[in-house]
Amino acid sequence: AHHLLMVADAVAGEFAAAIDHAWHAYLCARGNATLESAALGNVGQVLLDAGHPAIARMAFRAVIRRRAPARIVLPALGGTAVAAARLGDGELLERTRLEMDACANAGAAPYDVASACLDLARAYAAMHDRPRTAELRSRAMQLARAHGFYEIEHHADLLMKEMAEAPPVERALPPWIETMAGALRELAAV
């Protein structure tokens, strides 16, 4: 229920409420490592969409450190790549690309690989690296066309338009977010 409310609030632009639901989904998942990881990935994505890449990066790192299945780790790596780009951290972006390649080459599902390629293309677009953007966009498009992933194909088509757009504006968040950020710091360090 919290997951669905998170999605509804995020689509409506109600990021404080979306983050609250994402965090509660994580708390409700306690004891199930896979569900916890998926929920933390959602926390990170909503924070990224709300314009808080530094806090989002901690949530994604917590997911990656848990060694969740590729279907959960690849989106967290994609979120990390986008967060790194928005923070201007080219070194983290490159390390993340290498991790994503290793995960993809270890037998990840084609959809997850295509989605990861699209995230990487977005990250490199934010860093104004047109050759790498084009390469990763092309890889995402090839996988999308080969497997009928129309959503990924659509978003890859829009990528060139998105390159001209500014990153999300940092949205004001309620004070309790600092408590959550502290918990994320601890989870990312474990």
Side-chain angles (χ1 to χ4, degrees), residues 1-87 92-93 95-96 99-100 102-104 106-120 122-123 149 151-152 155 167-168 170-190:
H2 282 296
H3 174 78
L4 293 175
L5 291 169
M6 171 203 69
V7 171
D9 284 334
V11 168
E14 298 294 331
F15 290 105
I19 293 166
D20 185 46
H21 286 299
W23 186 248
H24 277 88
Y26 164 72
L27 294 175
C28 290
R30 298 294 283 245
N32 182 320
T34 302
L35 289 178
E36 285 178 18
S37 295
L40 283 171
N42 290 333
V43 168
Q45 188 60 52
V46 175
L47 285 163
L48 192 60
D49 292 345
H52 295 271
I55 304 171
R57 185 179 58 189
M58 288 186 286
F60 295 133
R61 181 180 169 128
V63 173
I64 295 161
R65 297 189 120 223
R66 291 166 171 261
R67 303 200 188 286
R71 67 184 169 77
I72 295 171
V73 170
L74 275 170
L77 287 166
T80 300
V82 173
R86 289 186 186 163
L87 294 167
L92 176 59
L93 175 54
R95 283 195 324 263
T96 302
E99 274 188 78
M100 291 174 86
C103 192
Y111 182 88
D112 298 324
V113 175
S115 181
C117 288
L118 185 57
D119 285 337
L120 275 172
R122 285 184 175 127
F149 304 143
E151 174 187 349
I152 291 175
H155 286 288
E170 185 176 303
R171 309 285 177 110
L173 299 175
W176 69 264
I177 296 293
E178 283 306 314
T179 303
M180 183 192 71
L184 288 172
R185 270 187 222 90
E186 288 179 29
L187 289 168
V190 171

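Here the structure is a predicted model, which is why all the values come from computation and not from measurement.
Taken to the nearest 0.5 Å, the CD1 atom of Ile64 stands 6.5 Å off from the OG1 atom of Thr96. Atom CG in Asp20 sits 8.0 Å away from atom NE2 in His2 (nearest 0.5 Å). Residue Met6 holds its CE atom at 10.5 Å from CD1 of Ile19, rounded to the nearest 0.5 Å. Going from atom CD of Glu14 over to atom NE2 of His21 covers 10.5 Å, rounded to the nearest 0.5 Å. The CG atom of Leu74 sits 10.0 Å away from atom CD of Glu99, with the distance rounded to the nearest 0.5 Å. Separating the CG atom in Asn42 from the NE2 atom in His3 is a distance of 5.5 Å, to the nearest 0.5 Å.
Between Ala70 and Pro75 the shortest heavy-atom distance is O-CD, 3.9 Å. The nearest pair of heavy atoms linking Asp9 to Ala17 is OD2-CB, 3.3 Å. Of all non-hydrogen atoms in Ser115 and Ile152, the two that sit nearest each other are N-CD1, 3.6 Å. Contact record, Met100 with Leu120: SD-CG, 3.5 Å, taken as the closest heavy-atom pair. Of all the heavy atoms in Ala25 and Ala39, the pair that sits closest is C-CB, 4.0 Å. Contact record, Gly41 with Val63: N-CG2, 3.4 Å, taken as the closest heavy-atom pair.
Side-chain atoms of Trp23 and Leu40, non-hydrogen and from C-beta on, do get closer than 4.5 Å to each other. Between Leu92 and Arg95 there is a side-chain heavy-atom pair separated by less than 4.5 Å. Pro53 places none of its side-chain heavy atoms less than 4.5 Å from the side chain of Val82. At a threshold of 4.5 Å between non-hydrogen side-chain atoms, the residues Leu47 and Leu184 count as touching. Inter-residue side-chain proximity for Arg71 and Thr34 is flagged as met; some heavy-atom pair is nearer than 4.5 Å.
The closest side-chain donor-acceptor pair between Glu36 and Asn32, if any, does not fall under 3.5 angstrom.
Using a 30° and 60° split on the angle between ring planes, Tyr111 and Phe149 fall in the perpendicular class, above 60°.
In terms of modelled atom types and a separation under 3.5 Å, the side chain of Ser37 and the main chain of Ala33 share a donor-acceptor contact. The backbone N or O of Leu48 lies less than 3.5 Å from a partner atom in the side chain of Arg86, making a donor-acceptor pair.
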